[in-house]
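Contents: one structure, followed by commentary.
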Amino acid sequence: MKKCCFCLFWIVLLLGCKDTIGYFHDDTIQIERLFDEIQQNTLDHVWEFGLLEEQFWNRARIAEEYGINTKGMEVYIKSAVSEAELCEIAIWKKDTNDDKLIYNAFRYRLEHLEERWGDYLVKADALLKDPAIGQLGSYYYMILGEDNEKVVHYIQKYK
């Protein structure tokens, strides 16, 4: 009986300590770790995507670049170290019933990038016309860059 209880204890302990970054659908996702994994896959050449900045954007930068005040919102944005790569990942947690607010912020950002880079970068038109925009649980995402669909498929495994 003691052996059975001891084995059951270790099984429960091992299952409880499973190393996961969580899931979008139940709000257990650890966004910081997700970004770290995306960065590592970029370094491992799993996909072609720009190297992301170390730090998430601050609220002032988000307000300027996305045209929205994010006070009280959970927003995670990182862009490529080289801005000219046009590579960016934005993940917003929905805390409002107005989905249009977030989609308008995405549209504002894309228009802003088009104005800034449209005449200078050959790849700008293709990247800015085909960003990956969607929703996973209560989170919205916009992924801009080469191989954005591969990155989307990767994050969708954490639905």
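Worth knowing before you read on, the calculation uses all heavy atoms, side chains too, and leaves out hydrogens, waters and symmetry mates.
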Answer whether the closest heavy-atom distance between the side chains of W47 and T42 falls below 4.5 Å. yes
Rounded distance [0.5 Å steps], OG1 in T70 versus CD1 in I102: 11.0 Å
Go through the steps for I38 and K78 under the test side chain to side chain contact (heavy atoms under 4.5 Å, CB included), then give the verdict. CA-CA 11 Å; I38 291 169; K78 285 188 178 184; over 6 Å; no
Transitive ILVMFWY side-chain link V46 to L52, under 4.5 Å: yes
Can you tell me if T28 uses its side chain to pair, donor with acceptor, with the backbone of Y23 under 3.5 Å? yes
Could you pull out every donor-acceptor pair under 3.5 Å between side chains of residues 84-92 and any protein atom, sequence neighbours left out?
{"unit_1": "E88", "atom_1": "OE1", "unit_2": "R109", "atom_2": "NE", "d": "3.3"}
{"unit_1": "E88", "atom_1": "OE1", "unit_2": "R109", "atom_2": "NH2", "d": "2.6"}
{"unit_1": "E88", "atom_1": "OE2", "unit_2": "Y66", "atom_2": "OH", "d": "2.4"}
{"unit_1": "E88", "atom_1": "OE2", "unit_2": "R109", "atom_2": "NE", "d": "3.1"}

Should L101 and F106 be counted in the same cluster of Ile, Leu, Val, Met, Phe, Trp and Tyr side chains packed under 4.5 Å apart? yes
Contacts under 3.5 angstrom, residues 149-159 side chains, donor-acceptor by atom type, not counting sequence neighbours:
{"unit_1": "Y154", "atom_1": "OH", "unit_2": "E37", "atom_2": "OE1", "d": "2.3"}
{"unit_1": "Y158", "atom_1": "OH", "unit_2": "E37", "atom_2": "OE1", "d": "3.0"}

Classify the side-chain pair R61/N58 by whether it contains a donor and acceptor separated by less than 3.5 Å. no
Is it the case that the side chain of E146 and the backbone of N148 share a donor-acceptor pair, with hydrogens and angles ignored and the cut-off at 3.5 Å? no
Report yes if the distance between the aromatic ring centroids of F35 and F56 is under 6.0 Å, otherwise no. yes
Using atom types as modelled and distance alone, determine if a side-chain donor or acceptor of N104 lies under 3.5 Å from a backbone N or O of K100. yes
Go through it in stages, so that I can follow the logic: the residues are I21 and D36, the test is side chain to side chain contact (heavy atoms under 4.5 Å, CB included), and I'd like the CA-CA distance, side-chain angles, deciding distance and then a yes or no. CA-CA 11 Å; I21 64 171; D36 289 344; over 6 Å; no
OH of Y76 to CG of L34, rounded to nearest 0.5 Å, is 11.0 Å
When rounded to the nearest 0.5 angstrom, what distance separates CZ in F24 from CD1 in I29? 4.5 Å
Would you give the length of the straight line joining atom CD of E74 to atom NZ of K94, rounded to the nearest 0.5 angstrom? 14.5 Å
